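Note sheet for the following structure.
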Protein chains: 2
Amino acid sequence: MADGRNRRRANTRQRLYESAVELIAEQGFTATTVDDIAERAGVAKGTVYYNFPSKTALFEELLRHGVGLLTADFRAAVAGRAPREAVAALVRAQLEYIQRYRSFAQLLLSEMWRTNREWQQTLRLLRAEAIDVIAAALQAGVDSGDFAADLDVRLAASALFGVGLVVALDWLMFQPDRDIDDVERALLTIVRARVAID
Amino acid sequence: MADGRNRRRANTRQRLYESAVELIAEQGFTATTVDDIAERAGVAKGTVYYNFPSKTALFEELLRHGVGLLTADFRAAVAGRAPREAVAALVRAQLEYIQRYRSFAQLLLSEMWRTNREWQQTLRLLRAEAIDVIAAALQAGVDSGDFAADLDVRLAASALFGVGLVVALDWLMFQPDRDIDDVERALLTIVRARVAID
């Protein structure tokens, strides 16, 4: 009984996340009301407040949930891989993630550099966790001699994260019929040259 | 007399652009009211409506104005330069632009992939004009043999544009004391390797 209730509750939260992320990506945080979120999720407004104390709390949980999934994908991608393969796997993981959670990726780019949001500190910490996985893979490559010794690892990790987001969103918006393998190949040509020793 | 009036009008519009871009970058389009814009610009609300029929019209003009300045900077950067120098000059121009118009750059990233804004079509066209300058410089490098023949010029141009935006915003937010020359050098190390033949 308790298990069924927990499962139902997790399902409801998942639906609320999905509705909120779509609406906020479409029209922004302020324009999105709790009524909109409830309506799109097909639940009563009271159900939203039963699960989250406020729209801001829902959004903050949603950031945790979404960036947490990305960081987990990044960690799975690099696990047990040598530096060059790890970077290729990170690029693939990011493309797959954005293909699956496009609205969330868009929302992430919108919120990343805002200066007066309540969740700004949370987002910075979450983002740092994801970028740390990339930075660790790059640092391992510098240490092993695979990547240039003077690579600015921090800047390169943020560049890699940024380029993946931008290229993937462009792909999905402007060339949606293009195959993910083809985008990955084109992006890897650029990324490989970028971190490798000439 | 007419000249003075035109100059005053241009000054007022400039102040309204600056106020609007700051406010929208801080809190989003929907949360920003015409009252807020008038207050920050230090003009009466009527002055806003005297210059622009609506908040949306003001925002669309602001996009035209801001992306127009960037495209002009890009064109000036590549003029008369060989492909490799042109790419370096584009990177520098983009960093300088974002340092100067940081809020606008942030706003551009927020709006770039939204799907249901009235100004979406305008923004796509404007963005294409800026990216075309980058693509032309890359294509010239492919034609001259400076860059790899199999470079996906379109994807690389959008990647270059995206990486410049992301790295510059990260720099200004997380390492604001870092010198622009130093950021340029680190970014160029990455960008050079990226487009060059290994």
Side-chain angles (χ1 to χ4, degrees), chain A residues 22 24-32 102-103 105-107 109-117 120 124 127-128 131 148 150-152 154-156 158-175 178 182-183 185-187 189-198, chain B residues 22 24-32 102-103 105-107 109-117 124 127-128 131 148 150-152 154-175 178 182-183 185-187 189-198:
Chain A
E22 281 171 24
I24 295 170
E26 280 165 24
Q27 60 197 27
F29 179 78
T30 309
T32 301
R102 176 181 174 177
S103 299
Q106 185 188 316
L107 179 154
L109 266 179
S110 306
E111 293 299 329
M112 208 103 91
W113 299 278
R114 286 216 205 267
T115 47
N116 70 342
R117 298 290 215 189
Q120 188 191 326
R124 284 196 193 177
R127 186 190 117 118
I131 292 185
D150 66 346
L151 186 72
D152 183 329
R154 215 57 232 176
L155 189 136
S158 117
L160 198 59
F161 186 71
V163 86
L165 273 170
V166 168
V167 165
L169 287 169
D170 271 2
W171 157 47
L172 297 168
M173 176 165 269
F174 299 112
Q175 307 182 296
R178 193 169 177 180
D182 188 41
V183 179
R185 214 174 302 118
L187 190 50
T189 312
I190 296 174
V191 168
R192 279 239 173 79
R194 224 165 119 196
V195 290
I197 301 170
D198 287 312
Chain B
E22 280 172 22
I24 296 169
E26 280 166 22
Q27 60 195 29
F29 178 78
T30 309
T32 301
R102 175 182 176 177
S103 299
Q106 184 187 319
L107 179 153
L109 265 180
S110 305
E111 292 299 328
M112 208 103 93
W113 299 277
R114 285 217 206 263
T115 47
N116 69 344
R117 298 289 215 189
R124 283 196 195 179
R127 186 190 118 117
I131 291 185
D150 66 346
L151 185 73
D152 183 330
R154 215 57 232 173
L155 189 134
S158 116
L160 199 57
F161 186 70
V163 85
L165 273 171
V166 168
V167 165
L169 287 169
D170 271 1
W171 157 46
L172 296 169
M173 176 165 269
F174 299 112
Q175 306 182 296
R178 195 171 175 178
D182 187 42
V183 178
R185 213 173 304 117
L187 190 51
T189 311
I190 296 176
V191 168
R192 279 239 174 80
R194 228 165 115 194
V195 292
I197 301 170
D198 288 312

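Lettering of chains follows the sequences in order, A, B, ..., and the numbering in each one begins at 1. Remember, it's a predicted structure, so these values are computed and weren't measured experimentally.
Interface remark: A/Ile131 contributes no atoms to any contact with chain B (heavy atom separation under 4.5 Å). Both the backbone and the side chain of B/Ala186 come within contact range of chain A, with heavy atoms under 4.5 Å apart. With a 4.5 Å cut-off on non-hydrogen atoms, A/Ala31 touches chain B through its backbone and its side chain both. For A/Arg124, the part lying near chain B is the side chain, with the backbone staying farther off; criterion is any non-hydrogen pair under 4.5 Å. Contacts between A/Asp152 and chain B at a heavy-atom distance below 4.5 Å involve the side chain alone, from C-beta outward. Looking at B/Glu26, both its backbone and its side chain come within 4.5 Å of chain A, counting heavy atoms on both sides.
Here the straight-line distance linking atom OG of A/Ser158 with atom CD of B/Gln175 works out to 8.5 Å at 0.5 Å rounding.
Residues satisfying the salt bridge (Lys or Arg N to Asp or Glu O under 4.0 Å) test with B/Arg185, not counting sequence neighbours, are B/Asp182. Not counting sequence neighbours, the partners of B/Glu111 by the salt bridge (Lys or Arg N to Asp or Glu O under 4.0 Å) test are B/Arg114, B/Arg117.
Between chain B and the residues A/Val167, A/Leu109, A/Asp170, A/Leu172, the most heavy-atom pairs under 4.5 angstrom are made by A/Asp170.
At a threshold of 4.5 Å between non-hydrogen side-chain atoms, the residues B/Leu107 and A/Trp113 do not count as touching. Counting only heavy atoms from C-beta outward, the side chains of B/Gln106 and A/Met112 never approach each other to under 4.5 Å.
Scanning both residues, A/Val183 and B/Leu155, for their nearest heavy atoms gives CG1-CD1, 4.4 Å. Looking at every heavy atom in both residues, A/Phe174 comes nearest to B/Arg127 through CE1-NH2, 3.5 Å.
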